[in-house]
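Below, chain A is the first sequence line, B the second, and so on; all start at residue 1.
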Amino acid sequence: MVPLENYLALSAILFSIGFYGVLARRNAVLILMSIELMLNAVSINFIAFAAYLDPDRIIGAIFAVFVITVAAAEVGLALAIVIRLFRNRATSNVDEAAIMKW
Amino acid sequence: MATEILWWIFAAAIVGTALGVVFSGSVIHSAIFLILSLAGVGAMYLFLMVEFLALVQFLIYGGAVTVLILLALMLTRMGAGEKVNGSQAPAGFMVAVALAAILVSVAVRTAWPGDTGDMPHNIAIEAVSEKLFLDFGAPFVIASALLLVALIGAIVLARQEDGE
Amino acid sequence: MSIWPEERLSHADTEGFHTVDMTINVGPQHPATHGVFRMVLTVDGELVTACEPYIGYLHRGLEKLSEINDYRQAMAFWDRTDYLAGLLCEQAYCMAVEKLADIEVPERAEYIRVMLSELSRINSHFMFLGAFGADVGSFGTSFTYAWRERERIYDLLEEVAGDRMFPTYYRPGGVAMDLPENFEKRCREVLGHIFQGIDDLDGLLTGNEIFVERCRALSPLTTERAINLGVTGPVLRSTGLAWDLRKAEPYSIYPQVKFDIPVGLRGDVFDRYMVRLAEMYQSARIVEQCLEQIPGGHFLNPKLPRNLRIDDAEAYVRIEGTKGEYGVHAVAKGGNRPYRMKLRSPSFCNLSALSEMVVGHYVADAIIILGSLDIVLGEVDK
Amino acid sequence: MNGASPLPFGDVFFGWSWLDAIIRIVIVVLIMTVVVVYLTYGERKVVARIQQRLGPNRVGPWGLLQGFADAIKLLIKEDIRPRAADRWVFEFAPFLTFIPVLMVLAALPFARDWGVRNVTLGLLFVNAALGLNIVGIMMAGLGSGNKYALLGGVRAAAQMISYEIPLVISIICVAMVAGTLDLNAIAILQEDRPFLLLQPLAFVIFFTAMLSELHRAPFDIPVAESEIVGGYFVEYSGIRWSMFQLTEYASLWAFSIFGSVVFLGGWEFPMGSDWGWGWQLFLTFVKSLAWIIAVMWVRTTVPRLRIDQLMSFCWKVLLPMSLVQLLMNGFILVYDWPQELLTLTSGIGAAALVGFILYRTARHPSVAHLVGAYKRAGAQAQ
Amino acid sequence: MSEEKATLPPLAATIKKALPRAAYVPGLTKTDLDLRVAPAELLVLVQGLKDNPALDFDYLRNMTGIDMQENGLELKYHLYSFKHGHTVQITVATPPGESHLPTLTGLYAAANWHEREAAEMFGFVFDGHPDPRNLLLEEDLRIHPLLKAHPLQPIEVVQGIEDGKAGFDF
């Protein structure tokens with residue numbers, strides 16, 4: 001059946017793709033999406049480890065629940081910042097928000 | 001065997017759509033690729049026999065997070081014509097490829113304890129809830145507080161002021 | 001109030017950033033514009049920041065047509081202005097011609113005119129209630145209920161004048177023919193249905209929490225501003241000013257009937273709706289009194305000239321139309337055609353206040369405010 | 001749902017579960033199309049009845065074939081794609097809205113052990129799947145290249161995210177009482193009394209939030225005909241438009257069955273388990289029909305809310321009430337207090353919610369004198 | 001439009017008393033008092049009519065443009081006072097080819113659309129109007145259809161009814 005390494009490799013590739021997105025993109029929303037990809041890669045890792053290595057197979061799932069919670073909170077807050085940024089500066093480009101003042 | 005083939009199909013779909021997220025030229029296409037990618041991750045949870053988490057993935061990511069992202073796209077009216085990639089894109093690409101190579105090689109070369117070829121069995125939702133509410137009660141409460149703070153913070157930030 | 005420093009805006013401006021306004025084109029083919037009216041709303045999210053009305057899609061050159069047609073022929077164009085209450089427009093036109101030519105109107109004809117005009121007013125207000133309900137979003141139920149009563153009124157008009165919407169029934173100097181024999185019975189029957197219909201719509205709309213909540217305190221207009229904007233009719237009365245031309249500058253037989261002028265308090269959308277609802281009762285009341293008081297005699301002045309020629313004369317005749325002051329400015333300079341006929345259409349003037357009224361409200365409310373003005377595009381565009 | 005419940009649900013065709021699932025889903029989809037066709041027909045008839053019209057009565061006896069005629073017409077209609085549209089997003093959006101409904105239908109029990117699959121987490125699954133169809137709506141809104149569609153998409157997103165919270169919480173309340181997430185088990189638990197009696201407040205909240213999720217009046221803001229002319233599907237035509245229509249009615253059907261299983265006892269109450277599957281199917285049919293007619297009834301009589309009223313109703317009324325229900329359930333269940341207490345507390349809550357709305361229906365104070373005046377005047381005239 | 005002073009309504013005297021220095025010629029139409037002023041005097045007169053508490057003309061009810069052919073264009077304003085309930089007509093005649101008038105939008109918001117309509121239909125130019133675009137006609141249309149001699153007039157004569165024939169029989 002599917003071995004653990006497959007999940008880990010998939011997770012690693014997904015994480016790297018998200019990593020590239022964070023580095024390459026300029027648009028704040030796109031960076032946010034890339035971060036979501038990375039978080040999901042981490043969740044896959046948690047659950048895969050739990051499913052294959054943990055005797056009661058639950059802790060990983062609980063960590064994934066927390067990851068999803070944090071991701072939801074982060075998305076809500078980050079998008080509020082993006083909308084704020086857009087209203088004030090008519091841009092959602094992170095490079096142009098580097099002045100650190102409105 | 002059928003499960004393995006399906007797994008590979010889903011894995012390829014996840015990677016492909018994830019690449020779509022970071023390489024597509026349109027922000028909206030990126031967001032839709034993200035939805036597909038996250039749905040694929042949900043399917044991965046099903047392969048790992050965590051139905052509950054798969055459903056939560058669909059509910060939170062499919063129903064809420066990506067919708068929030070699309071909503072932000074609509075409100076900020078970012079469409080075609082905007083330059084999406086920064087100047088560090090080539091360097092970032094190399095770093096990401098290197099990172100992927102290292103992580104994959106580490107994952108594959110490490111000798112994991114236990115029998116890693118076993119198909120995991122299903123996790124009962126009762127077990128998850130018991131663990132979550134009893135052993136992880138404090139983190140749970142803290143996560144709830146985090147959500148509440150984030151909610152209030154988002155409202156304060158995005159609130160329309162007078163005179164705008 | 002703002003927690004952000006004040007220089008933010010100027011800073012943003014100097015750096016060359018600018019936001020692109022999103023505009024929505026409402027109309028000319030939009031379910032809520034009641035005809036071919038177009039307004040361009042500039043919106044910020046859901047809030048309207050600017051409104052630019054565009055009219056003229058239905059411009060038929062009414063005034064020019066009146067100039068090149070005989071005094072009596074041109075009337076057919078006039079009941080196509082406010083096509084929901086065509087008889088009121090005919091009345092104004094006939095009164096203008098009568099004023100120019102000093103034609104006497106028999107009293108019976110005046111009674112007939114007032115009765116039918118008030119029925120037309122009820123008809124138009126029913127249309128308002130139905131369409132307004134649909135604007136607020138009641139999925140056409142108010143519409144069909146209003147339509148039921150309108151059909152009855154149209155049937156009655158058909159029995160009297162031979163046509164439903166554009167009867168061309170009035171004549172300078174009277175009306176075209178006498179009332180049918182069973183008119184009184186039929187009219188009372190229709191009036192009974194009308195009271196029932198008003199109650200139905202009242203229950204359906206006023207009795208609904210969502211409807212009241214949508215309309216009240218929405219876009220209030222002060223009396224001063226309304227006067228300055230030239231707004232008349234129910235919209236003006238909803239601001240609390242009891243100004244109705246039937247009382248302020250009485251014409252026809254209105255001094256001889258009893259009726260009240262309903263007024264609102266705040267001038268908001270809900271008051272406009274309530275004023276129209278109340279006016280329908282008053283109109284029905286006038287019709288009932290007319291039925292009792294109507295004298296016999298001629299229905300058309302028998303001493304009319306065969307060819308109506310009018311020397312130099314000028315008159316500005318105004319009546320209380322369904323939407324407000326319906327004025328006809330007629331100038332004669334000899335011949336059988338008017339030199340100039342100008343329509344002062346209430347919808348046109350009320351509509352000019354629209355862009356001021358919708359700014360700062362939601363898009364959904366902009367539709368309701370437009371509906372509450374109760375414009376008729378035939379009258380706006382002439 | 002590959003790894004979902006391994007236990008077979010009823011008899012397995014040919015002993016092969018994949019083939020069995022496919023056959024079952026095909027049957028359900030076929031039934032669904034017929035149901036949708038007759039739901040559109042039924043809705044038009046019900047609406048017509050309420051609006052004093054006749055409704056479809058030309059195609060077939062009593063117009064029974066009207067739905068099929070419409071379907072044929074829609075299928076052969078030209079499929080138009082605007083030039084400004086984002087091609088793939090635009091073309092896939094209708095199908096993406098439809099898939100979640102299909103997923104829901106795969107998890108619903110129509111009678112005891114009658115359904116496609118019994119999902120152990122059925123309650124959560126249905127919610128998750130129904131939450132997904134917003135994605136297709138957003139894609140339609142973004143991809144159409146139309147401002148009305150964009151506005152509709154924004155409204156739909158804001159509305160559906162907000163109302164999902166009270167919807168899920170009200171269902172969680174039922175799950176607390178039932179102690180399981182399995183829809184089949186929930187129905188069996190309601191053998192002697194439906195959960196409606198135990199959780200009236202949750203029922204009211206569920207029904208309201210369901211109307212919002214279905215974009216039914218008074219929450220039809222994303223598709224508001226008189227404001228944004230259809231919202232997100234304004235640019236669609238032919239088969240893609242009919243996919244949206246199919247989704248709308250199929251999800252109405254799915255919601256009605258889901259709601260009747262969760263709150264009304266589904267196929268189980270009364271006497272469902274005693275009288276066999278025929279009676280069970282009949283019960284499901286009757287309950288979902290009653291549910292659907294209630295939705296249609298509300299649709300025809302209630303105007304549309306405004307977007308801010310909608311939001312504040314969700315966050316300030318429904319959400320706190322649902323949390324109150326959750327809290328009360330928690331106390332009563334943890335301390336093992338009698339179930340009558342559940343009925344009592346929840347009943348008080350529901351009465352408070354309904355009473356709150358009724359209280360606000362009280363007439364607008366500023367026009368109280370006006371209403372009185374015209375009533376009096378009307379009475380006089382009559 | 002006779003010039004007999006005796007038939008003038010009492011309003012004429014009130015105006016004369018309230019605005020002794022205003023330059024106008026009173027007259028009478030079938031319905032209202034008519035004041036004829038020169039374009040240069042218009043704004044002063046209307047301002048006086050609006051601001052004087054004894055007159056208080058706060059409502060611009062109508063504006064009618066008339067093509068007087070060789071005598072240029074005429075514009076007629078109708079003002080009304082809600083307080084006193086009286087109405088007055090003001091006639092302004094502009095010479096041919098020079099139909100400039102001051103805008104009244106500063107005094108009456110209602111004048112905006114009325115003036116736009118008069119401008120597009122007759123070719124008036126309202127100096128200082130905030131938004132002098134066409135209102136009812138196409139935005140780039142530069143003919144003035146209500147003039148007696150506009151480009152389409154020959155067709156109208158063919159289609160129209162010649163004076164001298166009898167009208168309809170009743």
Gap between atom CD of A/Glu36 and atom OH of B/Tyr61 - 0.5 Å precision:
4.5 Å
Sequence neighbours excluded, which residues qualify as ring pair (Phe, Tyr, Trp, His ring centres under 6.0 Å) partners of A/Phe49?
B/Trp112
Under a 4.5 Å heavy-atom cut-off, does chain A meet the side chain of B/Thr110, its backbone, both or neither?
backbone
Interatomic spacing from CE in B/Met44 to OG in A/Ser43 - rounded to 0.5 Å:
13.5 Å
Non-hydrogen atoms of chain B under 4.5 Å away: do they reach the side chain of A/Val70, the backbone, both or neither?
both
Using side-chain heavy atoms (C-beta onward) and a distance below 4.5 Å, is B/Leu99 in contact with A/Phe15?
yes
Rounded to the nearest 0.5 Å, the CG atom of B/Leu53 sits from the CD1 atom of A/Ile68 at a distance of 4.5 Å
In terms of heavy-atom pairs under 4.5 Å with chain B, which of A/Ser34, A/Gly76, A/Ala73, A/Ala64 leads?
A/Ala73
Interatomic spacing from CD1 in A/Ile17 to CZ in B/Phe23 - rounded to 0.5 Å
8.0 Å
Mind checking whether B/Trp7 and A/Tyr7 have parallel, tilted or perpendicular rings, split at 30° and 60°?
perpendicular
Side chain from CB out, backbone as N, CA, C, O: work out which of these in B/Leu38 comes under 4.5 Å of a heavy atom of chain A, or both, or neither.
side chain
Check whether any side-chain heavy atom of A/Tyr20 sits under 4.5 Å from a side-chain heavy atom of B/Val95, and report yes or no.
no
Got A/Ser16 and B/Val97 here, is their nearest side-chain heavy-atom distance under 4.5 Å?
no
Show the nearest heavy-atom pair for residues B/Ala150 and A/Leu77, with the distance to one decimal.
O-CD1, 3.5 Å
Do B/Gln57 and A/Asn40 get their side chains close enough for a donor-acceptor pair, meaning under 3.5 Å?
yes
Where on B/Leu34 is there a heavy atom nearer than 4.5 Å to chain A: the side chain, the backbone, both, or neither?
side chain
Apply side-chain hydrogen bond (donor to acceptor under 3.5 Å, both in side chains) to B/Tyr45 and list each qualifying residue two or more places apart in sequence or on a separate chain.
none
Counting heavy-atom pairs closer than 4.5 Å to chain B, which one of A/Ile62, A/Thr69, A/Ile44 comes out on top?
A/Ile62
Measuring from A/Ile59:CD1 to B/Asp135:CG, what's the distance to the nearest 0.5 Å?
7.0 Å
